[in-house]
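When a residue number appears, it is its place in the shown sequence, counting from 1.
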Amino acid sequence: MAAVIAARAGVAAATITALWDPLKRTIESSNDMDEIYGALDDAMKRLVAKRVDHDFMFHRHKRTMPSNTYTNWKYRVDDVSIEVDKLKVMYLKESKRSSWFSFNSLTKKMKAAASRIFALMEEDPQSVDVLVDKKPARVVEMITPTITNIPTLQKPFEQTLGWLCDEKVRGIRIHGRVGSGKTTIMQNLNNHVKVAEMFDIVIWVTVSREGSIENRAIDQIQQIIAQRLKLDIKVTTHHDLVASRIREELKDIKYVLLLDDVKEDLNLDKIGVPMRDNGSKIVFTTRLQHVCSSIATRQTNVASLNRKEALLMFKSVLDRPHLEKNSNINGLMPEIIKWCGYHPLVIKVAAGFFRVKETEESWLDGLMNLSKRPEEGDDTMQEIYRLLDSFFDCLPVTQKKCFFYTALYPEDSDIQKDCLLDNWAAEELLDAGDGVEVMRANGREVLDYLKMVSLLEENTFQQCIRMHKLIRLAALYHLSTNDDQGILVKSGEALHKPLDVKLWKEKKWISLVDSKMNALPDHPDCSALSTLILQKNKNLEAIPSAFFKHMQSLHVLDLYDTRITSLPNSLLKLATLKVLCLQKCVALVELHREIGNLQKLEVLDIRGSGLENIPPQVVSLISLRRLLVSFTSSMSINPTQKAANEVEVISKIPMLKELVVDVEDGLERILYGAIVNVVRLTRLSLLQFYFSNKVVDHIKATGGIWKIYFPNERLLQSYIDRQDSVEFNNCQIFTGCDFSSHPHIMKFMPYFKFDGEVCDDTISQVLSNDVAIELVNHNGLEHLSSFTAENMNRIRSCVIKDCNKMRTIVDDNTGGGSILNNMEQLHMINLPVLKNICEGPMQGLKGLKTLILCNCPMLTWVCTYGVILQLPEIRHLEVERCPEIKEIFNGSTNIVFPVLPNLKKLILVDMPQLRSILVSNSFEWPSLERLKILGCPKLKRLPFQKDGAVKLTSIEAEKSWWEALENDQEVTDQFRRYCTLK
């Protein structure tokens, strides 16, 4: 299929070239204005006709949204069409005159417009995949624990999986008490490969909020399903029309709908989900046996865990084999799971808390703290709350404050880590230490701790965390029962009616989220309020003008996904406001011109808002250090010009340190062109791009090290060319690969890593400084000698990896000159045709301290004896997986000792032909401290005598190899005590 598409694309491209070439030639070569005008008019008509054809093709797929790539292309076609219309008017006027100057000026403008038309035609989106948004993924995987070793959960899982294969079964009910593992079973179904193979799409819907006795409203369930199907329902508001759209989309596909936590009967027809005979299925979990009996044709029940399963689950989450080996600690585990009441969630949290305890004493203390088990009652939910509450009390002070603050966010929220850290910092919950970087490090430690003890979990999207809905409710239960009157948290149905204004008084944290609330009190008395979260109130369109009048202590204001159209004047007087979140405020199209009055504002998030551009007013925010924005296509401005304008504004924000950009699909290349200008703002310590499926860091400064990522060599070259004097000190530059590929060598700065072929000129420019350099997948590189001796002597450290033509470091054309004298480390990895380090005589590498060769299948020896005598400074020599090597050093039998007098570490691994280090296998190693020899069966002797390695204290080898050594017995006896034998 791919070949067919490629062939069609080739034919289409050839056809376009044939049709457009005559017009291009006419416009480029002619100086006749009438002829140019005629060709321009013809070209524009053809481009508009192409756009009409594409619109027709898109409307044939009208159930899906147009892709961003196509939308952007269409905007630019419209833009050039307007320009050509203006030129036509000018042409009709100028054709009546005889001014050569006017004719010449207009001719240039028409040629420029024609160039834009031809460029648009060349990037003409041909396929449906480009015209319409990509189909939704078959499965959106979820992070979930494995249940294969828990029969109580595995049995209903396998039963349900079997019913999904049965054509006669349409609906399946999974029934069990709260916290029994129903959701975990469903998550495992969602992720199972067999389910993905059986159905065209797997749709997950959390039907109710935890703590509620009702399902979500029909329109909310429809929104979740429509979003999963990538349906554009922005202009459709009535649920009957939305149901019709969903029904139309599902009618020809085989789906499985996973409905979690159903609390009352559902009318699937009203939602738009048809009960088809094509093998589609409905699976739902519930605590109530009578729910949705008309849907369920099969039911499975989830029982409580038994003692053995609970213990297995505890150990699985604990994941500390060394603790299990301690018989005293192992004996405490049954008591812990008994205390947990065999509730899976409580066991998971318990295992997390004990995971951070390393001694018997700390385990005993932990069990003592839990010894007063809450009394059991009829309400299972209350019992779980009280059990979890015991763990909350064990948290260190900082972790406890940060945990309870996180409970303010809506149920099942994906909370961006850095945004959460900003809020923690604004509330002074973290030790600020020596500044923002130290504060962030402290915050990340708190996050890691809360994840370790299972109170927070990493989402599939690594930049986010979330809190289990039951843990969140238990946290709110703790706050409500511990006389903490300073916190107000409401959501959903609890906000259908306006709250009594008295409830706002004297509150420190308020969270009113995810509801149909459409009004706020005029001027509530909230003098102590420091955080106000109003997320996901989509009916909230206006904030009263005096609303913030009595909130002079407010630090954090979160208006995420509301429909506000403006910010009231009273907000501009918040002298202490540090964090303002306006993300997804789509109706907010401009910021107040006096936004600069927020002199303490440090973080501003306007991603996905109605603001088309970064407002110039942000320049007046003198404390702003972190800005989060979106880069999207615009009807009113060319994307390239827009990027330039945005960079211009960014460059003027006086204290900006961090810039985060959400990038619309299809605009990557345009935005990359602006990277060079942004990187020049050297005060930035973070430049981060969010794409639909990944997050890419372009600048990241930590611990005094600046990491900079360029997607390709051209952008790096552009950056170098634009600088009067390029300073790379304390920089790690990554070209063609991101920061996730950590440097092999951390010691040296500046550090350059190139992934892919790179031209010699770029490398030569890089080598104008003393550098560490890593070359990966450079398939045109055969040796380093192509650079001048002066440049080669700039290399302090070098990694060469996956370079398929690399045959040597220095070829025999160097004339024996002194080269690479400053190189201290050389790593050569996965080089299929490497034969040696140098082909001829060489006077260099005198400062080399580390030499590592790995997986070089054509290498028969590392270097000659003559070369090794020039490497007296080597401290670390490592050779692995080089199957043809028979001896490490090749050459003379007239050996002058010691060889490698400073060598401290020698590692030889997986070389089946290796017989010796050198012709003589007996050396003096005055500095050798560590020896590792594995997988070298033909190496029969230790490379030293009894007194030849006086500092050796560590030997790692196979037991069978050691026992077969042919050295004198006194040699093996001498060093046996230092051995770790496998």
Worksheet item: Sequence neighbours excluded, which residues qualify as side chain to side chain donor-acceptor pair (under 3.5 Å) partners of R466?
Response: D414
Item to complete: Indicate, with yes or no, if the rings of F391 and F353 have centres closer together than 6.0 Å.
Response: yes
Fill in: Heavy-atom check, side chain of P136 versus side chain of R228, under 4.5 Å
yes
Fill in: With sequence neighbours excluded, residues passing ring pair (Phe, Tyr, Trp, His ring centres under 6.0 Å) with Y409
none
Worksheet item: So, E309 side chain and N306 main chain: donor-acceptor pair closer than 3.5 Å or not?
Response: yes
Worksheet item: For D200, what residues pass the salt bridge (Lys or Arg N to Asp or Glu O under 4.0 Å) criterion, not counting sequence neighbours?
Response: none
Worksheet item: Mind checking whether R320 and F354 have side chains closer than 4.5 Å, heavy atoms only?
Response: no
Practice prompt. Look at atom NZ of K254 and say whether more than 12 heavy atoms of other residues, nucleotides or ligands are closer to it than 6.0 Å.
Written response: yes
Worksheet item: Do I147 and T184 come close enough that some side-chain heavy atom pair is under 4.5 Å?
Response: yes
Practice prompt. May I ask you to decide whether K155 forms a salt bridge with E158, counting only side-chain N to carboxylate O separations under 4.0 Å?
Written response: no
Practice prompt. Can you see which heavy atom on I246 is nearest to which on G272, and at what distance?
Written response: CG2-O, 3.4 Å
Discussion item. R247: which residues meet the salt bridge (Lys or Arg N to Asp or Glu O under 4.0 Å) condition with it, sequence neighbours left out?
Written reply: D269
Practice prompt. Could you list the residues that satisfy side-chain contact (heavy atoms from CB on, under 4.5 Å) with R440, not counting sequence neighbours?
Written response: D418, L421, D422, V436, R444, R625, R626, E658
Worksheet entry | Nearest atoms (heavy-atom pairs only) where L305 meets A310 | CD1-CA, 4.2 Å
Worksheet item: So, E457 and K348, do they make that salt bridge, N to O below 4.0 Å?
Response: yes
Item to complete: Using a strict cut-off of less than 4.0 Å between a Lys/Arg side-chain nitrogen and an Asp/Glu carboxylate oxygen, indicate whether K451 and D448 qualify as a salt bridge.
Response: yes
Fill in: Salt bridge present between E458 and K417 (N-O < 4.0 angstrom)
yes
Discussion item. Does any part of the side chain of D514, heavy atoms only, come nearer than 4.5 Å to the side chain of R209, both counted from C-beta?
Written reply: yes
Worksheet item: Heavy-atom count around K401 NZ within 6.0 Å, excluding the residue itself: above 12?
Response: no
Discussion item. Centroid separation under 6.0 Å, is that true for the rings of H478 and Y385?
Written reply: no
Discussion item. If the condition is salt bridge (Lys or Arg N to Asp or Glu O under 4.0 Å), which residues does D561 pass it with, not counting sequence neighbours?
Written reply: K538, R563
Discussion item. I'd like to know if K932 pairs up with E878 as an ion pair, taking the criterion as any Lys NZ or Arg NE/NH1/NH2 lying under 4.0 Å from an Asp or Glu carboxylate oxygen.
Written reply: no
Item to complete: Determine the interplanar angle of the F403 and F392 rings, folded into 0 to 90°, and report it as parallel if under 30°, tilted if 30 to 60°, perpendicular if over 60°.
Response: tilted
